[in-house]
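Here the structure is laid out as C-alpha cells; the discussion comes afterwards.
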Amino acid sequence: MAKGTVAYKILQSHLLSGKLLPGEEIAIRVDQTLTQDATGTMAYLQFEAMGVERVKTELSVSYIDHNMLQTDYKNPDDHKYLMSVAKRYGIWLSKPGNGICHQVHVERFAKPGKTLLGSDSHTPTSGGVGMIAIGAGGLDVAASMAGEPFYLRMPKIVGVKLTGKLPPWVTAKDIILELLRRLSVKGGVGKIFEYFGDGILELSVPERATITNMGAELGATTSVFPSDRVTQAYLRAQGREEDWIELLPDPDAEYDELVEINLSELEPLIACPHSPDNVVPVREVEGVKVDQVVIGSCTNSSFVDLTRAGRMLQGRKVHPDVVFAVAPGSKQALELITQNGVLLDFLKAGARILETACGPCIGMGYAPPSGGVSVRSFNRNFEGRSGTPDAKVYLASPEVCVACAIAGEIVDPRKLAERENIPWVRVEMPERFPYGDEAFIPPLPQEEAKHVEIYRGPNIKPLPEFEELPESLTAEVTLIVGDNITTDHIMPAGAKILPLRSNIYAISEYVYHYVDPDFVSRAKEVRKKKGRASLIVGGENYGQGSSREHAALAPRFLGVRLVVAKSFARIHHANLVNFGVVPLELVNKEDYFKFSLGDQIEIPELTEKLKRGEDIRLVNKTTGEEIVCKYSLTPKQVSLLLAGGLLNWIKKRQSS
Ligand code: MIC
Ligand code: SF4
C-alpha cells in the first residue's frame, strides 16, 4: 500500500475521492497548473468554453516556449491570444525567451508537498523538488483550472533506491538512462517512481529534475524526490525558502515495488536511434561519426549542465566536422552562464547559441543533415522528430555530448578526458540565483481582469462540436500500426505543422502524415461517402510520448471513434476518452491479426456494454470473425465517452 512514502503522503493530503489502492480510481485536488503554447491555445479555448470567471487554482502559469520560430503571423497570433487570456483569467504569463516551462517552473514556482497538472508530458520535472507533478491533456488541465478534481487510477509506488556515489563523468542522465535500459519505454505505465537512499544526497535539484523529467519516457505517471536539505538550500537560493517544507519518507515506508541502483557501478550511457530505451554504454558505440551536437531541452540545460559542459570546452575547439549548439533552458541559466563566463567558453570553442526554448527538441529549427548523426542531451529520439526523417539521434548527458563535439565521433568522456587531460569539475550551486523574473507578467486583480478583451487572430479557430456516442457503431478499419506508436507518429510536430495547433481543421490534414500519407483522405472518404466511423488498430503502448491532445482530437475530427490496441500509454488513453474516442484492448493479443485495412466492423450495443462494464464484441463483417475487447475505463470515463467527450459532459452538467 506504500503508506509513508512521499508520493502517498502528497496524494493523501490532496485526496477528494477514492482509495489509495493501486488501480482504484482516485480524484485529487490540483494546486497548480502549467501550460505551454503548443498545447495551451487549445487548453484555453476549452477553458473559455467552461464559462468560469477566473482560475480556481492556487497558481496557474502559461508558458510560451515551444512555437518560437514565428515564420509568419500564426505563432505570434497564438502568443497574443495566450497573453490576453492570462490577463483575463488570473494566470501568470511567462513570455517567449523566458525559458522552457519545466525548467522555469522548477526554478520559480514548484513547491514541495503540492500538486501540479501540466499540459505537457514532462510536467513531472517539478517532482525534483518533492511535488506530485503530472502531465495531462490540455482539456484535463483546463478542467483543473476551472476547479475540477483530476481523476486518475492510483499508480503503484515504485521505490528507486540509490546507493553509492556517481563516479566522475557519470551523471544524473545516466541514472535515468539506466532505468530506461532496465525497464523500457512502457516499464513505468501505471507507476510513480520515488527516489530515496543515500545516493540522492549528492544530487542537486537540477540533477534530480533531469531524472524526474525523463521518467516520462518510462511511461510513468510521475516521479518524485523527497524534499530535504538539498531542496531547502535550492529554494533559499531562489529566494523562496518560505515555499520549503520537509517531506521525507517514513523510516518504515514500504514501496509496492523496489528497484536498486548502485551509482558507483554506473558508467556513461547513451540511447541509440530511435527510442529512449535503446540504451547501451557509450563505449559500445564509440567511433560513430557525428555531424551535430546540441545541449538543451527541459532535460539537461540547467545552470549545472551548462557550466559543466562549458568548462569541458575551456581552451578547446569543437571538431571541424561538427556543428555544436547550446540552447539554455531558461533565462536564469543564461544569465548565470553569462556571469560566470561559461557563455564565453562556448563561444570561444565555436558553439552556436540558440534561443532559450524547446527548439530542436521538437523539430523547430536546427534539424540534422540528411542521414546525419546528432547527439543531444534531450529526452526523445523518435524517428523524424528532429525534422529530418532519416537522421539518427542519440541521447546522452551534456558531458557525453561535449566529448562527441570535441572528438567528432561518439566517444566515452572518460577516455577523452584522459587523452586530452580534461578535468572533471564539480559545480557548486550559487548562494543566490538571479531570479530573472522580468519576463513574467503576473496575474491582474479580478476587477481589472474582468475588462480585458481576448485577442483572436486569424490563426485561432473555434473548437469543433462533437456528437454523443451512438448506441451501436459500424466502423471501417482505416489504419493498422505496430507497437510503441508515439504521438509524434500520430500528430507530428515540427516547423511546418506545430504552428497549426490552434486550428484543428488545418492540423487534422497531417494526422499520421509520415506513417501513411493516405490515411487522412481514406478516413474522410469513409466518413463522407459511406457515413461510417474509422477504426484504428494499434499494438503495445499505443500513443506513448507527448501529452498533445491533438493526437486524439484531430483523428476524432476525421471520424475516428475507436482505437483497438494491445495496450495504451496513459496520457493518450485519457486524451482519447476526453474527445469521445473509445480505447479498446484486445483480450487475446493474437486477434490483432484478425484485422485488415478496409474491413467492416460492427459493434452492437456499444453504449449498453460500456454502461454495464461488459466486454465488447466486435464483429468483422468482412471475414465473419469475432473479436472480444476489454477496456480500462472508470465509471466517470464511461460517462465522458457516452457524452461524446469531456467538454460535452461539462456543458451538459452545467445546463442540468
Ligand atoms: C514533446 O516533448 O513532445 C512536447 C512537444 O513537449 C509535448 C507537448 C506538445 O506536443 O505540445 C509533450 O511532451 O507533451
Ligand atoms: Fe520542450 Fe522538448 Fe521538453 Fe517537450 S521534451 S517540453 S519539446 S524541451
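Order of appearance sets the numbers: ligands from 1, and atoms from 1 within every ligand.
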Between Tyr514 and His489, does a ring pair (Phe, Tyr, Trp, His ring centres under 6.0 Å) hold up when you go through it step by step? CA-CA 7 Å; Tyr514 300 109; His489 289 116; 9.8 Å; no
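- By the 4.5 Å heavy-atom criterion applied to side chains, Phe579 and Leu139 are counted as neighbours.
- Defined by atom type and a distance below 3.5 Å, a donor-acceptor pair is missing between the side-chain atoms of Thr487 and Gln544.
- Listed by atom number, the atoms of ligand 2 under 4.0 Å from His122 heavy atoms are 5 (S).
- Listed by number with element, the atoms of ligand 1 under 4.0 Å from a non-hydrogen atom of His66 are 4 (C), 5 (C), 6 (O).
- Between Lys186 and Glu540 there is no salt bridge, since no side-chain nitrogen of the basic residue lies less than 4.0 Å from a carboxylate oxygen of the acidic one.
- Scanning the protein for heavy atoms near atom 12 (C) of ligand 1, the closest one is Ser546 CB, 3.2 Å.
- Atom CG of Asn67 and atom CG of Asn459 lie 9.0 Å apart (nearest 0.5 Å).
- Within the 4.0 Å heavy-atom criterion, neither part of Glu217 lies near ligand 2.
- With Gly118, Ala357, Cys101, Cys358 as candidates, the residue nearest to atom 1 (Fe) of ligand 2 on a non-hydrogen basis is Cys358.
- When ring centroids are compared, Phe225 and Tyr195 come within the 6.0 Å threshold.
- In this structure, the protein non-hydrogen atom closest to atom 2 (Fe) of ligand 2 is Cys361 SG, 2.3 Å.
- Heavy-atom contacts of Arg380 reach the following atoms of ligand 1: 1 (C), 2 (O), 3 (O), 12 (C), 13 (O) (cutoff under 4.0 Å).
- Applying the 4.0 Å criterion to heavy atoms of Ala38 picks out, from ligand 1, the atoms 11 (O).
- Residue-ligand proximity, Asp120 to ligand 1, at heavy-atom distances under 4.0 Å covers atoms 4 (C), 6 (O), 7 (C), 8 (C), 12 (C), 13 (O), 14 (O).
- When heavy-atom distances to ligand 1 are checked against a 4.0 Å cut-off, Arg385 comes that close only through its side chain, counted from C-beta outward.
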Give the C-alpha distance, both sets of side-chain angles, the deciding distance and a yes or no for side-chain hydrogen bond (donor to acceptor under 3.5 Å, both in side chains) between Thr299 and Asn379. CA-CA 6 Å; Thr299 316; Asn379 49 35; 2.9 Å; yes
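- Listed by atom number, the atoms of ligand 2 under 4.0 Å from Ile362 heavy atoms are 7 (S).
- Put simply, OG on Ser60 and CG on Asp31 are 10.5 Å apart, with the number rounded to the nearest 0.5 Å.
- Around atom CD of Gln238, more than 12 heavy atoms belonging to other residues, nucleotides or ligands sit under 6.0 Å away.
- Within the 4.0 Å heavy-atom criterion, the part of Gln36 lying near ligand 1 is the side chain and not the backbone.
- Scanning all protein heavy atoms for the shortest distance to atom 13 (O) of ligand 1 gives Ser121 OG, 2.6 Å.
- The proximity of Ile362 to ligand 1, defined as any non-hydrogen pair under 4.0 Å, is limited to the side chain.
- Those atoms of ligand 2 with a heavy atom of His102 less than 4.0 angstrom away are 6 (S).
- Distance alone, capped at 3.5 Å, places no donor-acceptor pair between the Glu335 side chain and the Ser330 backbone.
- Atoms of ligand 1 found under 4.0 Å from any heavy atom of Ser547 (numbered from 1 in listed order, with element): 12 (C), 14 (O).
- For a threshold of 3.5 Å applied to N or O pairs, the pair formed by Asp488 and ligand 1 contains no separation below that value.
- Near Thr39, the atoms of ligand 1 lying under 4.0 angstrom from a non-hydrogen atom of the residue are 9 (C), 11 (O).
- Residue contact check: Asn379 has heavy atoms under 4.0 Å from atoms 5 (S) of ligand 2.
- Using a 4.0 Å cut-off between heavy atoms, Asp120 contacts ligand 2 through its side chain alone, with no backbone atom that close.
- Of all atoms in ligand 2, numbered sequentially from 1 with element shown, those under 4.0 Å from a heavy atom of Arg385 are 2 (Fe), 5 (S), 7 (S).
- Taking backbone and side chain together, Cys298 holds an N, O or S atom under 2.8 Å from atom 3 (Fe) of ligand 2.
- In this structure, the side chains of Tyr89 and Ile454 come closer than 4.5 Å at one or more pairs of heavy atoms.
- Annotation: cation-pi pair Lys461/Tyr505 absent, no NZ/CZ under 6.0 Å from the ring centroid and within 45° of its normal.
- By the criterion of a heavy-atom distance under 4.0 Å, neither the backbone nor the side chain of Gln36 is placed next to ligand 2.
- Between His105 and Phe109, the two ring planes are tilted [angle within 30° to 60°].
- Ligand 1 is approached by Arg501 to a heavy-atom distance shorter than 4.0 Å.
- Residue side and main chain included, His66 places no N/O/S atom under 2.8 Å of atom 2 (Fe) of ligand 2.
- A salt bridge links Glu207 to Arg308: at least one charged side-chain nitrogen sits closer than 4.0 Å to a carboxylate oxygen.
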Please determine whether ring pair (Phe, Tyr, Trp, His ring centres under 6.0 Å) holds for the pair Phe557 and Phe466, giving the CA-CA distance in whole Å, both sets of side-chain angles, and the decisive distance to 0.1 Å. CA-CA 8 Å; Phe557 179 70; Phe466 293 135; 7.0 Å; no
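- Atom 10 (O) of ligand 1 has as its closest protein heavy atom Arg548 NE, 2.6 Å.
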For the pair Tyr81 and Tyr44, evaluate ring pair (Phe, Tyr, Trp, His ring centres under 6.0 Å) and give the outcome as yes or no after the intermediate values. CA-CA 9 Å; Tyr81 166 74; Tyr44 292 112; 7.2 Å; no
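- Residue contacts with ligand 2 for Asp65 are absent, since no atom lies close enough (heavy atoms, distance under 4.0 Å).
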